[in-house]
Amino acid sequence: MRIATWNVNSVTARLPRVLEWLAVNKPDVVALQELKCTDAAFPTMDIQALGYEIASHGTGRWNGVALLSRVGLVDVTRGLVNQPQYDGVDEPRAIGATCGGVRIWSVYVPNGREPGHDHYHYKLNWFTALQVTTATELSAAPDRPLAIIGDYNVAPTDDDVWDINQFTDSTHVTAPERAALTKLRSAGLVEVMPRALKGYPYTFWDYRQAAFGRGWGMRIDLVYANELFASHVTDAYIDREERKGKGASDHAPVVVDLDLG
DNA sequence: ATGCCCTATGATATAGGA
């Protein structure tokens, strides 16, 4: 089974590249983030035509997550347990489903904007809800492979950004954010580390300042999974080729191959 | 070359991204 996660930065703007990428790479399950459209505006027909069932959770201009599957898609859950609001709004940032016997969540963790900002506290509270959801999911089905994949908006270590000296007083690298990842591991998840195809395996390069060409990347799109899921992994990599050229998302897809026997 | 920002919106600027 091939599973991928990809922050597409607008599924409608990215549609030609998404369709091409699906056709070439033939993933069985895809977790998308930053749809930037409502469920009604999601390009359902085009993606169904490639053989995928779709569960989306999008409300408009910002955020939005989806799962695509061609190995079944059941027991869809939208939102986290005790998910906090931001500015009085329940944002669409998490969706879970069972696909081919594997429980998969697509998550888009809040950015945080800057340490101390309301959005930063929201980010940490959102992680707490993700930890609660993880514990709930793990206890509900301890013998089922589980993966929580998506844009975590946290670089796990200093090596996961191109230059840590550029990140003083920045989000994505602070101790509380990294502690949130540690708590997920304490709850029973492990990180599936993608291999480097060329240089360090970053997943995001800002559109500005020709960051991709300069290698100014970050590894913030992560695969967290229970031990059972991880035990079946045969390969994991970042498709940095997809970041190249005109019309690319600022994130590259992360691909995980499993042998479920 | 991998290359000097992108997206959606009560749009003709603005918010958000990380």
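Sequence lines set the chain letters: A, B, ... in the order given, protein chains first and strands last, and positions in each chain run from 1.
Looking at A:Arg103 and A:Thr98, their side chains do bring a donor and an acceptor atom within 3.5 Å of each other. Donor-acceptor pairing under 3.5 Å is recorded for the side chains of A:Thr5 and A:Gln33. A donor atom on one side chain and an acceptor atom on the other are found under 3.5 Å apart for A:Trp105 and A:Glu137. Checking A:Thr234 against A:Asp257 by side-chain atom types alone, no donor-acceptor pair falls below 3.5 Å. No donor-acceptor contact under 3.5 angstrom links the side chains of A:Arg240 and A:Tyr202, judged on distance only. The closest side-chain donor-acceptor pair between A:Asn125 and A:Thr128, if any, does not fall under 3.5 angstrom.
Residue contacts for A:Asn7: at a heavy-atom cut-off of 4.0 Å it reaches the sugar-phosphate backbone alone, with no base atom in range. Within the 4.0 angstrom heavy-atom criterion, no nucleotide atom of any strand lies near A:Phe167. At the heavy-atom level, A:Glu34 lies under 4.0 Å from the strands shown only through sugar-phosphate atoms. Within 4.0 Å (heavy atoms only), A:Asn153 reaches sugar-phosphate atoms of the nucleic acid but no base atom. Note on A:Thr12: only backbone sugar-phosphate atoms sit closer than 4.0 angstrom, heavy atoms only; bases stay farther off. Among the heavy atoms of the strands, none lies under 4.0 Å from A:Asp221. As judged by a 4.0 angstrom heavy-atom cut-off over every strand, A:Thr171 is placed among residues making no nucleic acid contact. Nucleic acid contact class of A:Gly245 (heavy atoms, under 4.0 Å, all strands): sugar-phosphate only.
Centroid-to-centroid, the aromatic rings of A:Phe167 and A:Trp162 come within less than 6.0 Å. No close placement of the A:Tyr152 and A:Tyr108 rings is indicated, their centers lying 6.0 Å or farther apart. Checked against the 6.0 Å centroid criterion, the rings of A:His119 and A:Tyr122 qualify as a close aromatic pair.
With both ends at atom C1', the span from B:dG3 to B:dG16 equals 24 Å, rounded to whole Å. A distance of about 14 Å separates the P atoms of B:dA18 and B:dT7, rounded to the whole Å. Between B:dA15 and B:dG10, the distance separating the two C1' atoms is 15 Å to the nearest Å. For B:dC6 and B:dA11, the C1' atoms lie 15 Å apart once the distance is rounded to whole Å.
For DNA chain B, the outermost nucleotides in 5' to 3' order that have an atom under 4.0 Å from a heavy atom of chain A are B:dT2 to B:dA18.
Annotation: proximity of residues 113-126 of chain A to DNA chain B (heavy atom, distance under 4.0 Å) is found for A:Arg113, A:His119, numbered in ascending order. Near DNA chain B, meaning a heavy atom under 4.0 Å from it, residues 84-93 of chain A has no residue at all.
The nearest heavy atom of DNA chain B to A:Asp151 and to A:Ser10 marks one nucleotide each, and the one closer to the 5' end goes with A:Ser10. For the pair A:Ile220 and A:Ala210, both in contact range of DNA chain B, the more 5′-proximal nearest nucleotide belongs to A:Ala210.
Between A:Lys36 and the options A:Thr12, A:Asn9, A:Asn63, a side chain to side chain donor-acceptor pair (under 3.5 Å) holds for only A:Asn9.
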Check your understanding: Are A:Arg219 and A:Glu191 close enough, and set up right, to give a salt bridge (charged side-chain N to carboxylate O under 4.0 Å, His left out), and what steps lead you there?
Key -> CA-CA 12 Å; A:Arg219 192 173 70 85; A:Glu191 184 174 348; 2.7 Å; yes
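Ring planes of A:Trp21 and A:Trp6: tilted class, angle from 30 to 60°.
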